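Worth saying up front: this structure is predicted, and the values here are computed from it rather than measured. We name chains A, B, ... by the order of the sequence lines, and we start the count at 1 in each one.
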Amino acid sequence: MDMISGTDDDYSENAESRSKLPSSKYKGVVPQPNGRWGAQIYEKHQRVWLGTFNDQEEAAQVYDIAALRFRGQNAVTNLKTTNDQDYMEKLFLTSHSKDEIVDMLRKHTYEHELEQSKQYYAASICHMDLSGSNTINPSREFLFEKVVTPSDVGKLNRIVIPKQQAEKHFAMNPESASKGLLLNFEDELGTVWRLRYCYWSSSQSYVLTKGWSKFVKEKNLKAGDLVCFWRSINMVHAHHSKLHIDCKPGNGSDFEEMQSRVDLLDPVQTGSVLRLFGVNILEKPDKLYCT
DNA sequence: CCGTGTGTTGAT
DNA sequence: TCAACACACGGG
């Protein structure tokens, strides 16, 4: 992260040091009786103590980290950030729980953990698309899309996956074929749809069955609409890739209402927001911070 | 014993 | 939500 600029000698501590403690100019930083500095952040009417430190800057940094983790990219912090290093730190922050981050801060192991994780990011940074200034898109591998048929959205509670696509992208071993597999698909809202995927030998077709009708109903899917399947690469644990499902209206369905939802929520369509590791991230980091 | 971090209050 | 202040408490 960018270092905090400024000096810290603009208060006098000699004249009346015993009675009044010097305030910090940094947000979330409080003086300690012994001359050290505490860092704290508030959440839901409660203070979360972030530890004590020798100098204000260190404490301020810790506060910033917590603020980013607790409040997201728009958090007001003591420092401003713009570069890729900072971006990786944001990824790191958003991919750990609050408890984990607070724990690291208290133990003063945060920096170490961060550096460790940056190795992962560096290793998989080639999967990222850096087109367009500071925008970093998560890796997404398009699989295929299908224009849904009337029977796909009818009462059969199944969608047929075109055989060629199914065998190419959703390979299943022979013993799974009969029972089917439970696959998790995440939609653009982050909702996970658990769908049964199996092979119907009678019709010699691959289908998504259990759970599909709920998806159809929830998404108000109509015949002619498009269902798109893709994979994302989780850059924290590079070996995991998640399956995703998105749908968009085809010609003729109630496009208006749908499109407004998509504009607000689908990062790929708008380009202003992207969803990474389950967190919405604005594309321009440089305008997000106060000084 | 001493530093930490909690209890508490009042302001924004 | 925030910082200021006092001090209880717990590890060494």
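Interface remark: the A/Gln40 side chain does not form any donor-acceptor pair with the B/dG5 base, using a distance-only criterion of under 3.5 Å. A donor-acceptor contact under 3.5 Å links the side chain of A/Tyr42 to the base of C/dA3.
Map A/Val30 and A/Pro33 each onto its nearest nucleotide of DNA chain C; the residue landing nearer the 5' end is A/Val30.
Summarising the geometry, the separation between CZ on A/Phe70 and C1' on C/dT1 is reported as 14 Å, rounded to the nearest angstrom. One interatomic measurement links the two molecules: CG of A/Leu21 to C1' of C/dA3, which rounds to 12 Å at whole-angstrom precision. Put simply, CD on A/Gln32 is 8 Å from P on B/dG5, counting in whole angstrom units. In this structure, the CD1 atom of A/Ile41 is 11 Å from the C1' atom of C/dC2, given to the nearest Å.
Distances shorter than 4.0 Å separate none of the side-chain N or O atoms of A/Ser24 from OP1 or OP2 on C/dA3. Residue A/Lys20 has no polar side-chain atom (N or O) positioned under 4.0 Å from OP1 or OP2 of C/dA4.
Partners of A/Lys214 under the salt bridge (charged side-chain N to carboxylate O under 4.0 Å, His left out) rule, at least two apart in sequence or in another chain, do not exist in this structure. Residues meeting the side chain to side chain donor-acceptor pair (under 3.5 Å) test with A/Glu43, sequence neighbours left out: A/Lys98. Contacts of A/Val216 classified as side chain to side chain contact (heavy atoms under 4.5 Å, CB included), with partners at least two apart in sequence or in another chain: A/Val153, A/Trp212, A/Leu221. Residues satisfying the side chain to side chain contact (heavy atoms under 4.5 Å, CB included) criterion with A/Ser213, sequence neighbours excluded, are A/Asn157. Residues satisfying the salt bridge (charged side-chain N to carboxylate O under 4.0 Å, His left out) test with A/Arg158, not counting sequence neighbours, are A/Asp152.
If you check residues 43-52 of chain A against DNA chain C, the residues with a heavy atom closer than 4.0 Å are A/Glu43, A/Lys44, A/His45, A/Arg47, listed by number.
Ranking C/dA4, B/dG5, C/dC2 by closeness to the A/Pro31 side chain, first place goes to C/dA4.
Aromatic pair A/Phe92/A/Tyr110: ring centres closer than 6.0 Å.
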